[in-house]
Amino acid sequence: MQYWLMKSEPDVYGFDDLKKEKTDHWDGIRNYQARNFMRDQMVKGDLAFFYHSNCEDPGIAGIMKIRKSAYPDFTAFDPNEKYYDPKSDASNPRWYMVDVQYVRRLKRFISLRELKQHKQLQNMRLLQRGNRLSILPIQKKEWDYILKLENQAPKK
DNA sequence: GCCAACGTTGGC
DNA sequence: GCCAACGTTGGC
């Protein structure tokens with residue numbers, strides 16, 4: 001059982017979109033490290049934070065569950081898709097995706113700004129400088145700590 | 001919109 | 001295989 005953090009831009013696909021869809025595929029990952037995490041380590045039943053990135057108030061919106069382990073990202077095969085990759089085809093797929101399922105919204109939004117204020121979280125990969133990976137593993141103790149924050153008033 | 005920090009590409 | 005140029009991510 002592993003824990004993850006997965007980023008999405010809320011203007012493109014936010015937590016509300018997943019809530020509406022209930023289950024969806026996590027397509028468009030075009031980074032090898034992120035792909036390897038999905039393909040090699042993510043399994044059905046893992047839990048992930050849904051993180052809103054590249055927006056006014058980045059942070060963790062909710063929780064989802066891995067519903068289906070990695071399979072080829074078919075959006076890479078379609079020239080009409082934004083993340084089309086001519087070097088990937090069905091016989092030799094380069095990119096993979098997983099299916100995720102909506103679990104629940106956090107009791108309150110936990111912003112990146114807030115996460116940075118907790119020294120217990122300072123080693124999170126999310127908080128390391130220069131980090132750009134859109135899929136990151138989270139340690140269980142970090143996961144548990146963040147869930148405890150839900151029930152506390154945010155630090156100023 | 002800026003720009004730091006990466007990742008990728010391609011010439012050599 | 002090196003590395004400069006370019007593209008992308010994502011916080012601010």
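In what follows, chains are A, B, ... by sequence order, proteins preceding strands, each numbered from 1.
- Here dT8(B) presents its C1' atom at 16 Å from OH of Tyr83(A), a figure rounded to the nearest Å.
- The distance from atom CH2 of Trp95(A) to atom P of dG7(B) is 13 Å, rounded to the nearest whole Å.
- With rounding to whole Å, Arg125(A) atom CZ is found 18 Å from dT9(C) atom P.
- Note on Asp144(A) versus Lys148(A): no salt bridge recorded, every NZ/NE/NH1/NH2 to OD/OE distance being 4.0 Å or above.
- The side-chain tip of Lys68(A) points at the ring of Tyr71(A) from less than 6.0 angstrom away and within 45° of straight on.
- For Leu127(A) and dG11(C), the CG to P distance is 11 Å, given to the nearest whole Å.
- In this structure, Lys7(A) does not reach the dT9(C) phosphate: none of its side-chain N or O atoms is under 4.0 Å from OP1 or OP2.
- Picking from dA5(B), dG11(C), dT8(B) the nucleotide with the shortest atom distance to the side chain of Tyr32(A) gives dT8(B).
- Each of dT9(B), dA5(B), dG11(C) was ranked by its minimum atom distance to the side chain of Arg129(A); first place goes to dA5(B).
- Residue Leu133(A) contributes atom CG, which lies 10 Å from atom C1' of dG7(B) at whole-angstrom precision.
- Between Tyr51(A) and dG11(C) there is a side-chain N or O to OP1 or OP2 distance below 4.0 Å.
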For this session: Quick one: do Asp24(A) and Arg67(A) satisfy salt bridge (Lys or Arg N to Asp or Glu O under 4.0 Å)? Show the steps, please.
Result: CA-CA 9 Å; Asp24(A) 216 338; Arg67(A) 183 66 185 274; over 6 Å; no

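- With rounding to whole Å, Leu126(A) atom CG is found 8 Å from dG11(C) atom P.
- For the pairing with Leu121(A), the side-chain contact (heavy atoms from CB on, under 4.5 Å) check across Leu126(A), Leu115(A), Ile138(A) returns one residue only, Leu115(A).
- Separation of the Phe74(A) and Trp95(A) ring centroids does not fall under the 6.0 Å cut-off.
- Side chain of Lys87(A), nearest nucleotide from dT9(B), dG7(B), dG10(C): dT9(B).
- Toward the 5′ end of DNA chain B lies the nearest nucleotide of Asn54(A), the other residue of the pair Gly130(A) and Asn54(A) mapping further downstream.
- Nearest to the side chain of Leu112(A), among dG11(C), dG7(B), dT9(B), sits dG11(C).
- Across the protein-nucleic acid pair, Gln33(A) atom CD and dC6(B) atom P stand 11 Å apart, rounded to whole Å.
- The separation between Ile60(A) atom CD1 and dG11(C) atom C1' is 16 Å, rounded to whole Å.
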